[in-house]
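The sequence lines fix the lettering, A, B, ..., with proteins before strands; numbering per chain opens at 1.
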Number of protein chains: 2
Amino acid sequence: MPKVGMEPVRRKALVDAALRVIGDHGSLTVTMSEIARQAGVSPALAHHYFGSKEQLLIETIRSLLKQLRDDAVTALKAVNTPRAKISAVIRVSFQADQFAPATIAAWLAFYAEAQRSEETRRFLVIYARRLRSNLVANLKALCPGDAAERIAEGAAAMIDGLYIRQSLRSAPVSIEASISLTEDYIHSQLAALAKGQIQ
Amino acid sequence: MPKVGMEPVRRKALVDAALRVIGDHGSLTVTMSEIARQAGVSPALAHHYFGSKEQLLIETIRSLLKQLRDDAVTALKAVNTPRAKISAVIRVSFQADQFAPATIAAWLAFYAEAQRSEETRRFLVIYARRLRSNLVANLKALCPGDAAERIAEGAAAMIDGLYIRQSLRSAPVSIEASISLTEDYIHSQLAALAKGQIQ
DNA sequence: TAATTTTGATTGACTGATCAATCAATAAAA
DNA sequence: TTTTATTGATTGATCAGTCAATCAAAATTA
């Protein structure tokens with residue numbers, strides 16, 4: 001079986017398995033053994049490639065974030081107007097795979113971990129900043145800068161909140177409802193602003 | 001030392017210590033030993049009174065929720081109009097002790113735990129429902145029922161989202177800013193609705 | 001009241017299980 | 001032969017949970 005060039009294959013398999021196991025388990029207190037088993041290798045191999053459990057977890061969240069960023073970049077490129085770009089950001093946040101219970105559970109677990117792991121926290125701060133700045137940049141084309149920052153803050157909070165509420169799986173708010181709630185917020189804030197400026 | 005009637009005293013000390021340790025540690029992976037040490041008793045006593053770590057954790061979240069409910073009840077009683085009651089709900093959500101880093105960390109840890117523990121999940125669902133229904137009940141006096149439910153959903157999400165974003169401690173949004181962001185949302189939604197109805 | 005029994009509070013020491021991490025050994029490709 | 005991939009076996013640490021023993025206050029009895 002041993003063939004050269006397995007490293008990237010194994011690394012990916014382990015990171016994917018980690019995400020799956022964390023999502024299923026809903027917690028970062030998963031064992032290296034379980035992750036390795038899901039990836040079809042021995043626990044020793046996981047340590048061989050990642051050095052420690054913490055490192056594997058870091059790589060896992062890195063991959064989760066990369067996926068989200070790639071999706072956002074693609075969605076942003078596909079449209080042109082600032083308003084459409086805002087909608088694109090919202091849509092990506094709630095896209096099906098992000099909204100899957102296992103994915104939400106994984107995000108939540110990482111948020112909790114960020115209270116202790118500086119590196120995990122850094123990754124989540126990057127995510128939060130990216131979401132905010134994507135919104136701010138496009139809102140600034142539609143309203144004054146200070147209002148743009150305020151609205152972006154509110155919209156980002158609403159997105160994260162809809163997300164966390166989803167994790168409880170009670171009174172489930174659908175993807176479409178989540179999107180329109182956020183869109184409504186942006187819309188009514190901009191409308192109130194326009195009206196205020198005329199007066 | 002042994003005096004009769006220590007049970008309620010010890011239970012409270014242990015629950016308080018658990019909350020403190022969880023908050024500091026930012027995770028539910030805290031040891032019974034650490035909790036017991038903080039409460040000034042032996043680990044064996046903690047087991048004696050609570051039976052298991054899980055049970056102590058359940059009691060801990062129950063106490064966190066009770067505190068919040070009591071505060072909400074008090075705040076709601078203090079005002080009369082529906083609009084003022086909505087503001088009261090918002091204010092309580094962001095009151096200083098709820099917004100303390102340790103408290104936020106504890107909430108987050110419980111949200112993560114809810115992915116695995118049915119009982120923890122039930123408690124958080126109760127919290128989510130209570131927040132929502134407090135908002136809905138008072139919004140219904142100000143707008144149609146379906147709009148009330150929609151706005152309540154959005155406001156609750158925004159509150160939870162501001163909360164979770166606070167946990168990252170980057171770009172800290174102050175208590176006042178959090179309150180006015182949520183108030184703005186309610187206000188602009190109601191305004192848009194009123195305008196729509198006239199037209 | 002004094003002596004005795006019962007009961008609640010409390011702990012130190014221990015156990016069993018779990019797990020991350022290590023390492024020496026093997027097997028196959030280069 | 002050297003290098004890369006891989007694992008089984010093992011180790012050391014950590015913890016939840018148990019238990020028998022202790023201590024002192026209450027309750028009971030003499």
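Atoms CD1 (A:I35) and P (C:dC19) sit 12 Å apart, rounded to a whole Å. B:L14 places its CG atom 15 Å from the C1' atom of D:dG17, with the value rounded to the nearest Å. At whole-Å resolution of the value, CZ in B:R11 and C1' in C:dG8 are 14 Å apart. Put simply, NE2 on B:H47 is 15 Å from C1' on C:dA13, counting in whole angstrom units. Atom NE2 of A:H48 and atom P of C:dA24 are 15 Å apart (whole Å). Put simply, CZ on A:F50 is 16 Å from P on C:dT22, counting in whole angstrom units. Distance CG (A:L28) to P (C:dA20): 12 Å, rounded to an integer number of Å. One atom, NE2 of B:H25, and another, C1' of D:dC15, lie 13 Å apart when rounded to the nearest Å.
Counting non-hydrogen atoms under 4.0 angstrom, B:Y49 reaches the backbone sugars and phosphates but no base. Within 4.0 Å of A:T31, counting heavy atoms only, lie sugar-phosphate atoms of the nucleic acid but no base atom. At the heavy-atom level, B:V30 lies under 4.0 Å from the strands shown only through sugar-phosphate atoms.
Picking from D:dA16, C:dT22, C:dA20 the nucleotide with the shortest atom distance to the side chain of A:M32 gives C:dA20. The side chain of A:E7 sits closest to D:dA5 out of D:dT7, C:dT10, D:dA5. Distance from the side chain of B:A44 is smallest to D:dC19 among D:dG17, D:dC19, D:dT7.
Looking at A:E183 and A:R91, no side-chain N of the basic residue comes within less than 4.0 Å of a carboxylate O on the acidic one, giving no salt bridge.
Along DNA chain C, the nucleotide nearest A:E54 and the nucleotide nearest B:L45 are compared for position; the residue whose nucleotide lies closer to the 5' end is B:L45.
No hydrogens or angles considered: a donor-acceptor pair under 3.5 Å links the side chains of B:R83 and B:S87. Side chains of A:Q189 and B:S188: a donor on one and an acceptor on the other come within 3.5 Å.
Under the 30°/60° scheme for interplanar angles, the aromatic rings of B:F99 and B:Y163 are found to stand perpendicular.
Distances shorter than 4.0 Å separate some side-chain N or O of A:R10 from OP1 or OP2 on D:dT6.
Under the 3.5 Å distance criterion, the side-chain polar atoms of B:T103 are matched with a main-chain donor or acceptor of B:D97.
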